[in-house]
Amino acid sequence: LGLVVGYAVYGAFWGAWAVVLVEYLDVRDLTLAKVGVLFSVTSVTAIATMAFGGNLAVRLPRAPALAAAFVLAGGASLVVGVATGVWLVPAFALLGVGIGMVDVLVNLAGAEIETATDRPVLQLVHAGYGAGGAAGALLAALATTAGWRPSTVLATVGAGHMLAAAIMAALVPDVPASTEAARPSG
């Protein structure tokens, strides 16, 4: 349940972005090309984090590592919500590190739970992401209709990540480190 809730919050972040993006661009006087570069920075740092952080992730206790990853992603969401000018690049890079670690750790923990329980988990986790995306988009639409600014919406989603961190710490089994069978090859 903890992983499903956590990934739903993660999906809500992206659903909210879909709603606030145009106003975010207007407030910061950004073009689509500029925000494309910023999201590319996020993607590159997320990919690097996933590629190189995976080997570190298998050595960390799951629950605290997941909580830390969600705090990082939530904090990055807050920073992206308020950053302007030259601070946008490091803010979007920080976001990439946060989401990269969330992805790696949620999938790693889900695979370990599946192995330990012999029950499917990752399907529900990823369904939670989709449900969160839909809920995040709907709630962001309602919030912006009520006059919320993009920074407030992103800060709220960031706070949701902090709540997800607490849920991770409380509900996700604290596997100390992966077994050889669960370690990624290559």
Side-chain angles (χ1 to χ4, degrees), residues 1-14 17 37-81 83 87-130 132-133 136 154-155 157-186:
L1 178 63
L3 291 177
V4 175
V5 171
Y7 229 44
V9 169
Y10 181 55
F13 169 78
W14 292 110
W17 256 116
V37 169
L38 292 170
F39 277 119
S40 293
V41 167
T42 298
S43 296
V44 168
T45 55
I47 291 165
T49 300
M50 289 179 221
F52 300 109
N55 288 330
L56 171 63
V58 297
R59 292 172 179 82
L60 299 173
R62 268 343 130 241
L66 276 162
F70 272 85
V71 167
L72 178 59
S77 176
L78 295 169
V79 172
V80 165
W87 295 105
L88 288 167
V89 172
F92 275 77
L94 181 64
L95 179 62
V97 173
I99 65 173
M101 286 311 297
V102 165
D103 263 347
V104 166
L105 287 162
V106 166
N107 284 289
L108 182 60
E112 289 169 342
I113 293 168
E114 284 182 343
T115 299
T117 63
D118 200 28
R119 292 181 308 161
V121 171
L122 288 172
Q123 294 89 337
L124 290 175
V125 169
H126 288 93
Y129 174 86
L154 294 174
V157 176
H161 276 77
M162 305 302 172
L163 177 61
I167 292 168
M168 297 288 123
L171 298 179
V172 173
D174 191 17
V175 179
S178 290
T179 63
E180 284 300 318
R183 289 182 195 241
S185 61

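Computed from a predicted model, the values in this text were never measured in an experiment.
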Subject >> Sidechain-backbone polar pair: Thr42 side chain, Gly96 backbone, donor-acceptor under 3.5 Å >> reply: no
**OP:** Would you mind reporting whether Val89 and Leu38 have side-chain heavy atoms less than 4.5 Å apart?
**Re:** yes
Original post:
Any idea which heavy atoms bring Val102 and Ala69 closest together, and the distance?
Top reply: CG2-O, 3.6 Å
**OP:** Evaluate the side chain to side chain contact (heavy atoms under 4.5 Å, CB included) criterion for residues Leu88 and Val41: first the C-alpha distance (whole Å), next the side-chain angles of each, then the deciding distance (0.1 Å), finally the verdict.
**Re:** CA-CA 10 Å; Leu88 288 167; Val41 167; over 6 Å; no
Original post:
What residues form a ring-ring contact (aromatic ring centres under 6.0 Å, His included) with Phe39, not counting sequence neighbours?
Top reply: Trp17, Phe92
**OP:** Heavy atoms only: give me the nearest Ile167-Val5 pair and the separation to one decimal.
**Re:** CD1-CG1, 3.5 Å
**OP:** Decide yes or no for Ile99 and Thr49: does some side-chain heavy atom of the first lie under 4.5 Å from some side-chain heavy atom of the second?
**Re:** no
Original post:
Can you check whether Met50 reaches Asn107 side chain to side chain, under 4.5 Å on heavy atoms?
Top reply: no
**OP:** Taking Ser77 for its side chain and Ala73 for its backbone only, find out whether a donor-acceptor pair lies under 3.5 Å.
**Re:** no
**OP:** Taking all non-hydrogen atoms of both residues into account, name the closest pair between Ala109 and Arg62 and its distance.
**Re:** CB-CG, 4.0 Å
**OP:** Just say parallel, tilted or perpendicular for the rings of His126 and Tyr7, cut-offs at 30° and 60°.
**Re:** perpendicular
Original post:
At their closest point, which heavy atom of Leu72 faces which heavy atom of Leu94, and how far apart are they?
Top reply: CD1-CD1, 3.5 Å
Original post:
Do you know the tightest heavy-atom contact between Gly6 and Ala164?
Top reply: CA-CB, 4.1 Å
**OP:** Quick one: pull up CG in Leu95 and CG in Leu78 and give me the separation to the nearest 0.5 Å.
**Re:** 11.0 Å
Original post:
Side chains of Val157 and Trp14: closer than 4.5 Å at any heavy-atom pair?
Top reply: no
Subject >> Ring centers of Phe13, Tyr10 separated by less than 6.0 Å >> reply: no
Original post:
Stepwise, does the side chain to side chain contact (heavy atoms under 4.5 Å, CB included) test hold for Val9 with Leu163?
Top reply: CA-CA 9 Å; Val9 169; Leu163 177 61; over 6 Å; no
Subject >> Closest contact, heavy atoms only, Gly110 versus Val121 >> reply: O-CB, 4.1 Å
**OP:** Side-chain contact test, heavy atoms from C-beta onward, threshold under 4.5 Å: evaluate it for His161 versus Val71 and give yes or no.
**Re:** no
